[in-house]
Amino acid sequence: MSDTSPAAPQFADLGLPAPLLEALNSLGYETPSPIQAEAIPTLLSGKDLLGLAQTGTGKTAAFALPVLAGMDISLRATQALILTPTRELALQVAEAFQRYAQNMRGFSVLALYGGSAFAPQFKALERGAQVVVATPGRLTDHLRRGSLKLQDLRYLVLDEADEMLKMGFADDLEAVFEEVPEQTQKALFSATMPPGVRNVARNHMKEPAEIRLHSGSSSSLETITQKVWEVSNHHKLDAMTRLLEVEPVEAMIVFVRTKTASLELSERLEARGFAAAALNGDLSQQLREQVVDRLKRGLLDIVVATDVAARGLDVERITHVLNYDLPHDSESYVHRIGRTGRAGRQGTAILFATPRERRLLHVLERATGQKIEPQALPTADAVRSGRLNKLAGRLNDAREQSTALHQQLVSDLQELTSLDATELAAALLSILPSAKTLLEPVSDLPAQPPRKDRQFDRDSGLTRYKVQGGRKSGLMPKPLVDVLVKVGGIQRQQIGHIKLFNEHTGVFLPQLDQQALNRLAGAEINGIALQIKAWPLPEGELPPRDHAPRKPRRDFAKGKGKPPRKA
Ligand code: AMP
């Protein structure tokens, strides 16, 4: 093994209590991501924290684990408040808390977001939620009504702070800071650090420790070609099988995030007839060496690895690296793809990115100093011709090895069967096991979300509308929603993502009929006449991730995720 990376820290070194370590182990997390390795000890030490981190870096666990470590589980009061820009993220974060707290009996978490009824939220709050994950608007509503009390609060976390400010929640955030007790420990995460976010940190945090993920070096990646395939999580396995048919793969390392995933995927590949094995931190050193040795000797073609287990792996045969799951940071990415293109050979690194993850690509491009070319998923035709080409290649190779004896056999067979050359070859193909796949039906993988002029988003059935007036004229989402509901007759839960620009505002709504548009045209917000019209999404742009209205998740909305145990 040639690389000399310093030993990665382990979760057990970070000072987390046993129930959390056990939960991480059962979730299959192997090592802390870089942001976790830095943020967890900092938050455990009681310091405020300012973290520059995007989705996918593992930031949720970076704050959820230390918050859980500092909870008094016997106290039913709200001890941690997490603010997120959208209800979807609020639900995701609440779910993450519940996963990490799986061994903390009696723990309760509640997600509070706008667009759903207050009554169940009041009830859930009355029962007591130790962690509240909320969108800022709904949260301040509860604070005003006195339904949420913060006198026992220990932690306040702002997640995706830049997004919250962009959405016009600055005043709500200020109101929250006013309400939290003086000694509350604060953490703020943001993908970017515009002045607004800096100001919040400066005005409300005590000498916060700053964490930013540095990007990796781009040394010796010249022999590697990088490509990205846009694949939804659901179709990754099919896409991978397809990749193996069309790419000239000799040996491949597949990277996934967890030990569990490495085991599961390698088993599924084996079931599909590939020579695959898992390589993860659960294997003993001896077993790991065996896997690497079998890969070197060509007894294995695919190794499904976690980052740690593949560190420093140096096998010349590896022609391809597949990032089945995106890495947590660009440094791991550089490290992963460096497993191919070794000893002066050419290598290919392919990345599966879900539509939502596309925006993370530029970070990886910057870290590697190379463009990551998007590639269309191979069509059924490409798969068929790939199979045919492979067989043609084998036949060409075989011709060199065939002898006069083989030719004699063919003419003997022709005589015996009275078949002509084509008929005989066809009959031979039909009994040749490796030619079977040539006749298997291949279908096109489901197309990715259509990109063209999508005023109408098929996934959610929502249409984007443009409202005149935005940040500059002081338009706020709440009065807009009120008008859409009261005048437009739109149900509150049906209203999707709202985005404020300087001069105008985008909002995702169910398609409005002419009558609704007429009614809205007569409405006013803050004394200004409302102007609203359909606003097609530009080519290539995806709707924001919470464009779709969600059904409130009963378990969280009602605080029933895990019933509190009677003390
Ligand atoms: P986040 O950036 O918080 O949205 O997390 C991205 C994904 O990585 C989530 O699916 C987490 O469950 C997963 N994840 C977070 N930390 C780890 C870790 N240390 N090891 C493996 N997976 C992780």
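Numbers here simply count residues along the sequence, with the first being 1. Computed over heavy atoms, backbone and side chain alike; hydrogens, waters and symmetry mates excluded. Atoms within a ligand are numbered from 1 in the order they appear, just like the ligands themselves.
- The shortest side-chain heavy-atom distance between D307 and R257 does not fall under the 4.5 Å cut-off.
- The contact set between ligand 1 and S33, taken as ligand atoms under 4.0 Å from a residue heavy atom, comprises 19 (N).
- Protein heavy atom at the shortest distance from atom 7 (C) of ligand 1 is R257 NH1, 3.3 Å.
- Note: no N/O pair closer than 3.5 Å links Y100 and ligand 1 by distance alone.
- The number of heavy atoms from other shown groups lying within 6.0 Å of NZ (K236) is above 12.
- Of all protein heavy atoms, the one closest to atom 15 (C) of ligand 1 is Q36 NE2, 3.5 Å.
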Evaluate the criterion ring pair (Phe, Tyr, Trp, His ring centres under 6.0 Å) for residue pair F189 and F63; output intermediate values, then yes/no. CA-CA 9 Å; F189 290 87; F63 61 77; 5.5 Å; yes

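- In this structure, T31 counts as a contact residue of ligand 1, since one of its heavy atoms falls inside 4.0 Å of the ligand.
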Walk me through whether T368 and Q226 qualify under side-chain hydrogen bond (donor to acceptor under 3.5 Å, both in side chains). CA-CA 10 Å; T368 53; Q226 301 178 67; 3.2 Å; yes

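- Atom CE in M205 sits 9.0 Å away from atom CD in E210 (nearest 0.5 Å).
- Remark: ligand 1 atoms within the under-4.0 Å shell around heavy atoms of G58 are 1 (P), 2 (O), 3 (O), 5 (O), 15 (C).
- For atom 11 (C) of ligand 1, the closest non-hydrogen atom on the protein side is Y29 OH, 3.2 Å.
- Neither the backbone nor the side chain of Q92 has a heavy atom within less than 4.0 Å of ligand 1.
- Looking only at protein heavy atoms, the nearest one to atom 3 (O) of ligand 1 is T60 OG1, 2.6 Å.
- At least one test fails for K259 against the ring of Y29: distance under 6.0 Å to the centre or angle within 45° of the axis.
- The contact set between ligand 1 and F11, taken as ligand atoms under 4.0 Å from a residue heavy atom, comprises 19 (N).
- The protein atom (non-hydrogen) at minimum distance from atom 4 (O) of ligand 1 is G56 N, 3.7 Å.
- Using a 4.5 Å heavy-atom cutoff, the side chains of L351 and W229 are not in contact.
- Of all protein heavy atoms, the one lying nearest to atom 8 (O) of ligand 1 is H328 CE1, 3.2 Å.
- Taken from CD1 in I73 to CZ in R105, the straight-line distance is 11.0 Å, to the nearest 0.5 Å.
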